[in-house]
Number of protein chains: 2
Amino acid sequence: MSEDSGPPTSRRAGGTGQRSGTTRRRGRRPAGQDTRAALLDAARVEFTERGFDGATVRAIAERAGVDPAMVNHWFGGKDALFVAALQIPVNPDELVPQLLAGDPGQLGARIVRRFVTVWDATDGGPFVALLRSVSSHEGAARMLREFIARVVFGRVVSTLDTDNPELRAALCATQVAGLGMVRYVIRLEPLASADHDTVVTAIGPTLQRYLTGDLEPPSSGM
Amino acid sequence: MSEDSGPPTSRRAGGTGQRSGTTRRRGRRPAGQDTRAALLDAARVEFTERGFDGATVRAIAERAGVDPAMVNHWFGGKDALFVAALQIPVNPDELVPQLLAGDPGQLGARIVRRFVTVWDATDGGPFVALLRSVSSHEGAARMLREFIARVVFGRVVSTLDTDNPELRAALCATQVAGLGMVRYVIRLEPLASADHDTVVTAIGPTLQRYLTGDLEPPSSGM
DNA sequence: GTCTATACAACGATAGAC
DNA sequence: GTCTATCGTTGTATAGAC
C-alpha cells in the first residue's frame with residue numbers, strides 16, 4: 001500500500017525549512033513522519049467512530065497531538081487524509097495464498113473463518129467505517145468494488161477454473177459483505193455474538209457453493 | 001455576534017426585494033398544500049443523496065418550499081424527520097403472507113425475487129440511503145435490526161418450526177443485505193446487472209438452506 | 001373570535017479555511 | 001489562532017381556516 005504521499009512541498013530536507021523557525025536543519029527530520037503517522041492513526045479512529053462527515057479535522061489533529069494545519073500540510077485536506085487512512089487490515093498478497101492452501105473443499109470455511117477473525121479483532125470498527133465510506137463517499141464504492149473484484153475474490157476464483165468466475169466472485173462478495181453488515185453494523189443477534197465455529201459452519205457451505213458448486217437449479221438440466 | 005453587520009439582515013424587509021414571484025406569505029396556507037408530505041418527499045431525496053449528516057434541515061425545507069422551522073413543527077427535529085422519511089418500500093403485513101404462500105421449497109427463491117423486484121424498481125436508491133443511515137446514525141441500526149428480526153425474517157422463520165429460528169433469521173439477513181450491498185451500493189458486476197432469474201437461481205438456494213436446511217456440516221456425524 | 005399552520009429572525013455552537 | 005459560514009433549533013408575529 002502506498003502510504004507515501006508526501007506534502008505538496010518538497011520533501012527534500014534542504015528544500016524547505018518545514019518549521020523550527022529560521023533555523024535550517026539539514027539532514028534528518030524524522031519528526032515529520034511521526035506527525036504524519038500520528039495523524040493517520042488518529043484519522044482511522046475518528047473516521048471509524050464518527051464517519052467521514054462526523055470526523056472533524058480538529059478532533060483528528062487534537063487526538064494526534066498536532067496542529068490542525070498539519071492535515072493540510074501533509075495530506076492536502078480532509079479528503080486526502082481520508083483516502084490515506086482507509087486501509088484494509090489485511091494484506092491480499094499473503095491473504096490469498098493462505099486461503100488457497102489446504103483442502104479445496106474447505107475453502108469457503110477458511111474464508112469465513114478468516115473474515116470473522118480479522119474483523120473481530122477490531123470489533124468491526126473499521127468495517128463500519130468502510131461501510132460509511134462506501135455509502136457516502138463517491139470514490140469509495142469504486143475503490144472497494146475494484147478491490148473485491150480484482151484483489152480478493154478475483155484471485156481466489158481465478159485459481160479454481162470454474163464457469164462464471166466473475167459471477168462467483170460477486171456472489172461471494174454478497175455473502176461476506178452481508179455477514180459483516182449483520183454482525184458488525186446492524187449487530188443482529190444471535191449472529192453478532194456467535195462464536196467462530198458457528199459462523200463458519202453456517203456460512204462456509206454458502207461460500208463453498210458459490211466458489212465451486214452448481215449455480216443452476218438442481219432440477220434443471222440446463 | 002451581537003450585531004450582524006452583514007447586508008442580509010435588513011431590519012424590516014419592508015419595501016426591498018420581496019421574493020420574486022411566489023411570495024411565501026405567513027400564516028396558514030390554503031388547504032390542499034400538504035407541507036408534511038412535501039417535507040417527507042424532500043427529506044427522502046436529500047437523505048438519499050447526502051446521507052444523514054450531509055442532508056441539512058435547511059436544504060430539505062428549501063426543496064420542499066417551506067420554512068426550516070416546519071421540520072420542527074411537524075416532526076420535532078431532524079432525527080424524527082429522518083425516522084419518518086425512512087420508510088421501507090414494502091408493507092410487511094402483506095409481504096410475509098405473500099412470501100409464505102406457495103411451495104415451501106421455493107421460499108428462498110421467492111424472497112430473493114421479491115427483494116430484487118422491490119429494490120430494482122427504484123434502482124436501489126432508498127437502499128443506499130438505508131445503508132448510509134444504518135452506518136452513520138445511531139438509532140438507524142437499531143431500527144433496522146428490530147425491523148429485520150421481528151417483522152420480516154422473524155415472521156417467516158417462526159412459521160417454519162425449525163431449530164435455531166433466530167440464527168436462521170439472522171443468516172437470511174446476511175445474504176439479503178449482502179445482495180443489496182453488492183448490487184445496489186458497490187454495484188459489482190456481473191451481479192449488478194444480472195437479470196432476476198440469474199440472481200434467484202444463484203442465491204435462492206442459500207436462503208432456502210438458511211430457512212429450512214441443515215446448518216451443521218454435512219460430513220459430520222457428530 | 002379562536003386556533004393553528006406558517007414565515008421570519010436570531011441564537012449558540014461548531015466546522016473548515018486562511 | 002482568528003474569522004467566517006452555516007448548522008439545528010427556538011421564539012414570535014401573522015394570516016387564514018374553522
Side-chain angles (χ1 to χ4, degrees), chain A residues 7-9 18-19 21 39 42-43 45-47 49-85 132 136-137, chain B residues 1-43 46-47 49-85 133 136-140:
Chain A
T9 58
Q18 293 179 350
R19 47 188 182 191
L39 277 172
V45 176
E46 290 292 323
F47 282 134
E49 291 180 354
R50 324 281 306 184
F52 179 77
D53 293 327
T56 67
V57 173
R58 300 177 106 87
I60 291 171
E62 186 181 16
R63 180 180 290 270
V66 302
D67 192 272
M70 290 296 99
V71 171
N72 269 351
H73 181 254
W74 283 103
F75 300 95
K78 185 182 181 183
D79 286 9
L81 173 61
F82 169 79
V83 171
R132 278 188 193 161
S136 66
H137 209 242
Chain B
M1 54 173 165
S2 56
E3 187 67 40
D4 201 341
S5 60
T9 51
S10 57
R11 267 317 175 92
R12 273 305 208 144
T16 323
Q18 273 191 339
R19 305 287 157 70
S20 61
T22 57
T23 304
R24 301 196 316 188
R25 307 182 317 274
R26 274 186 180 168
R28 194 163 178 165
R29 293 200 329 207
Q33 302 194 25
D34 199 339
T35 293
R36 205 186 125 94
L39 277 173
L40 278 175
D41 288 339
E46 291 291 322
F47 282 133
E49 292 180 353
R50 324 277 307 184
F52 179 78
D53 292 330
T56 68
V57 171
R58 296 176 131 89
I60 292 169
E62 187 181 17
R63 179 181 290 270
V66 300
D67 190 89
M70 292 294 95
V71 170
N72 258 17
H73 183 258
W74 284 106
F75 299 95
K78 185 184 182 182
D79 289 35
L81 172 62
F82 170 79
V83 172
S133 315
S136 66
H137 198 242
E138 190 56 33

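Residue numbering restarts at 1 for every chain, and letters A, B, ... go by the order of the sequence lines. What you see is a predicted model; the values in this text were computed from it and never measured.
- Between A:L81 atom CG and C:dA15 atom P there is a gap of 16 Å when expressed in whole angstrom units.
- Residue B:A55 is classed as a sugar-phosphate contact, given heavy-atom separations below 4.0 Å to backbone atoms only.
- Checking B:W74 against A:G77, the closest nucleotide of DNA chain C that is more toward the 5' end is the one next to B:W74.
- Applying the side chain to side chain contact (heavy atoms under 4.5 Å, CB included) rule to B:A64 yields the partners B:A38, B:L39, B:A42, B:V66; only residues at least two apart in sequence or on another chain are considered.
- Residue B:A69 is in base contact, counting any heavy-atom pair closer than 4.0 Å across all strands shown.
- Atoms CD and CG, on A:E62 and A:D67 in that order, are 11.5 Å from each other to the nearest 0.5 Å.
- With rounding to whole Å, B:I60 atom CD1 is found 8 Å from D:dG8 atom P.
- Across B:F47 and B:K78, no two heavy atoms sit closer than the pair CE2-CE, 4.3 Å.
- Judged by atom type and distance alone, A:R58 reaches the base of D:dT2 through a side-chain donor-acceptor pair under 3.5 Å.
- B:M70 has its CE atom 13 Å from the C1' atom of D:dA15, to the nearest Å.
- Considering only side-chain N and O atoms, B:T35 lies under 4.0 angstrom from the phosphate OP1 or OP2 of C:dT6.
- Annotation: the span from B:L40 atom CG to B:W74 atom CH2 amounts to 10.5 Å, rounded to 0.5 Å.
- Going from atom NZ of B:K78 over to atom C1' of C:dA13 covers 15 Å, rounded to whole Å.
- When rounded to the nearest whole Å, the span between CD of B:E46 and C1' of D:dC7 equals 14 Å.
- Here C:dA7 presents its P atom at 13 Å from CD of B:E62, a figure rounded to the nearest Å.
- Residue B:N72 contributes atom CG, which lies 17 Å from atom P of C:dC8 at whole-angstrom precision.
- The interatomic distance linking B:D67 (CG) with D:dA13 (P) rounds to 16 Å, in whole Å.
- Of the candidates C:dG16, D:dT9, C:dC8, the closest approach to any side-chain atom of A:V57 belongs to C:dG16.
- Of all non-hydrogen atoms in B:P68 and B:V57, the two that sit nearest each other are O-CG1, 3.8 Å.
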